Amino acid sequence: MDISSVLQGGYQHPLSRSWQARRSLTKGMLMYPIFITDDPDAYVDIPTLPGQARWGVNRLEGFIGPLVKKGLKSVILFGVPLNCEKDGSGTPADDPNGPVILAIMKLRSLYPDLYIATDVCLCEYTSHGHCGILHADGTINSEPSAARIAEVALSYAKAGAHCVAPSDMMDGRIKAIKRALIDGGFGNKCTLMSYSAKFASALYGPFRDAAGSAPSFGDRKCYQLPPTAKGLARRAIQRDMAEGADIIMVKPALPYLDIIADAAALAPDHPLACYQVSGEYAMVVAGARAGVYDLRTMAFETTESMIRAGCTLILSYFTPQFLDWLDE
C-alpha cells in the first residue's frame with residue numbers, strides 16, 4: 001500500500017477524530033427560537049412541533065431560567081398575537097404592550113447577559129397574513145412594506161433587542177432598517193441579521209401552526225425564493241451585504257447546504273447563520289420516534305453538516321437538548 005493511501009491512522013481515536021473538524025459545535029453557536037403569545041400566563045403545546053410551546057411573558061422566567069443556567073446564550077423571539085385586532089399594515093407588530101416588546105424587556109431585566117434577537121415580520125400581525133403591505137390587487141407594495149418593517153425593527157431595538165432579524169424578504173428592507181437604526185441612534189447598538197436567502201419551502205408548516213401566520217389567500221412564492229434559484233440566492237446575499245446586514249442567514253438549512261457554502265464564499269467576513277426550520281426539526285424527531293435512527297446522533301449529524309458548510313450560528317429547536325448533550 002502506498003504511504004499516501006493511509007488515512008485511518010489520523011482518525012483512529014475519538015479525540016483525533018474531533019481534530020478533523022474545521023469548527024466544532026459550541027453552546028454559543030446556538031440560538032433558540034421562542035414563540036411568545038399575548039396571553040401572559042399561557043403555556044400551549046404545539047402538536048406539530050414536538051417539545052415546543054407558545055409561552056406567555058409571565059411564564060418566561062420558569063422556562064428560560066434553567067436553560068440559562070445550562071449555558072443558553074441567545075434566543076430569537078417570535079410574536080404570536082391571538083387577541084389583537086389585525087389590519088393591513090400590521091399595526092400590532094410594534095405595540096408597546098404586545099408580546100414581543102414585553103418579552104424583550106422582561107428577559108433583559110431577568111438575564112442581562114442573554115443575547116436577545118427578534119424576528120421582524122408583519123405576517124403574524126396583518127389581517128391578510130402576508131409579510132408586507134399590499135396593493136389593491138393583492139400584490140406586494142414593496143416600498144411601504146420596507147418602511148413599515150423598518151419602523152417595527154427600530155421599536156424592537158428601542159425596547160432592548162440586541163439583534164433584529166427581518167424574515168419578510170421584502171426588497172430593500174435591509175437598507176431601510178439600517179437607515180432607521182442609524183437615524184434612531186441604534187446603528188452601533190443593534191445587530192442586523194438578514195434572512196438573506198429564505199426559500200419558499202414546504203418545511204414551514206409546523207411554524208405556521210405555532211405562529212398562526214399562514215396567509216389568508218395565495219402564497220409567499222412571489223417574495224420568498226424559488227427552491228431551485230441558486231443564482232437569486234447569491235444575488236440576495238450580495239444585495240443584503242451591500243445594504244448593511246451584519247449577519248447573513250440561509251433558511252431552511254439542510255436542503256440548502258450548497259447555498260450555505262455559497263454564502264460562506266460570498267460573505268467570508270460576515271457571521272453566517274442558518275435556520276434549521278420547524279419541518280426539518282419535526283422530521284428528525286419523527287424519524288427517531290419511528291426507530292429509523294437515534295435522535296441525539298441525527299441531531300448532531302444534521303447540525304454538524306451546517307457547520308461543515310460554513311455556518312457560525314444555528315437557529316435550532318434542538319438547543320435545549322444540545323445544552324445537555326454538549327456537557328456529556
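Only a predicted model underlies this, so the values are computations on that prediction, with no experimental measurement involved.
What you find for A200 and Q224 is that their closest heavy atoms are CA-OE1, 3.3 Å. Taking each heavy atom of T126 and G88 in turn, the nearest pair found is CG2-O, 3.9 Å.
When side chains are defined from C-beta on, F186 counts as touching K158, because their heavy atoms get closer than 4.5 Å. I64 is not listed as a side-chain neighbour of L110, based on a closest heavy-atom distance of 4.5 Å or more.
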**Message:** Test side-chain hydrogen bond (donor to acceptor under 3.5 Å, both in side chains) on Y195 and D240; report intermediate values, then the result.
**Reply:** CA-CA 9 Å; Y195 290 64; D240 289 359; over 6 Å; no
**Request:** Mind running side-chain hydrogen bond (donor to acceptor under 3.5 Å, both in side chains) on D246 and T191 for me, showing each step along the way?
**Result:** CA-CA 6 Å; D246 298 303; T191 299; 5.1 Å; no
**Request:** List the steps, then state whether side-chain hydrogen bond (donor to acceptor under 3.5 Å, both in side chains) holds for D39 with T37.
**Result:** CA-CA 6 Å; D39 175 353; T37 190; over 6 Å; no
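Below 30°, between 30° and 60°, or above 60°: for F300 and F322 the angle between ring planes is above 60°, a perpendicular geometry. Taking the six-membered ring where tryptophan is involved, the planes of W325 and F318 are tilted, since the angle between them lies from 30° to 60°. Using the six-membered ring where Trp is involved, W55 and F63 have ring planes that are parallel, under 30° apart on the 30 and 60° scheme. Using the six-membered ring where Trp is involved, Y256 and F199 have ring planes that are parallel, under 30° apart on the 30 and 60° scheme.
A donor-acceptor pair under 3.5 Å links the side-chain atoms of E280 to the main chain of V277, judged by distance alone. Without hydrogens or angle criteria, H162 side chain to A157 main chain gives no donor-acceptor distance under 3.5 Å. A donor-acceptor pair under 3.5 Å links the side-chain atoms of S145 to the main chain of N141, judged by distance alone. With K86 contributing its side chain and E124 its backbone, the two residues share a donor-acceptor pair below 3.5 Å. Side chain of R59 to backbone of Y43: no donor-acceptor contact under 3.5 angstrom is found. Under the 3.5 Å distance criterion, the side-chain polar atoms of Y32 are left unmatched by any main-chain donor or acceptor of S74.
In the hydrophobic clustering of this structure, Y281 does not group with I34; members are Ile, Leu, Val, Met, Phe, Trp, Tyr whose side-chain heavy atoms approach within less than 4.5 Å, directly or through other members.
Members clustered with Y11: L7, by chain and number, using a 4.5 Å side-chain heavy-atom cutoff among hydrophobic residues.
Seen from the ring of Y204, K251 counts as a face-on cation partner, given the 6.0 Å and 45° thresholds.
Other residues, nucleotides and ligands contribute at most 12 non-hydrogen atoms within 6.0 Å of the NZ atom of K73.
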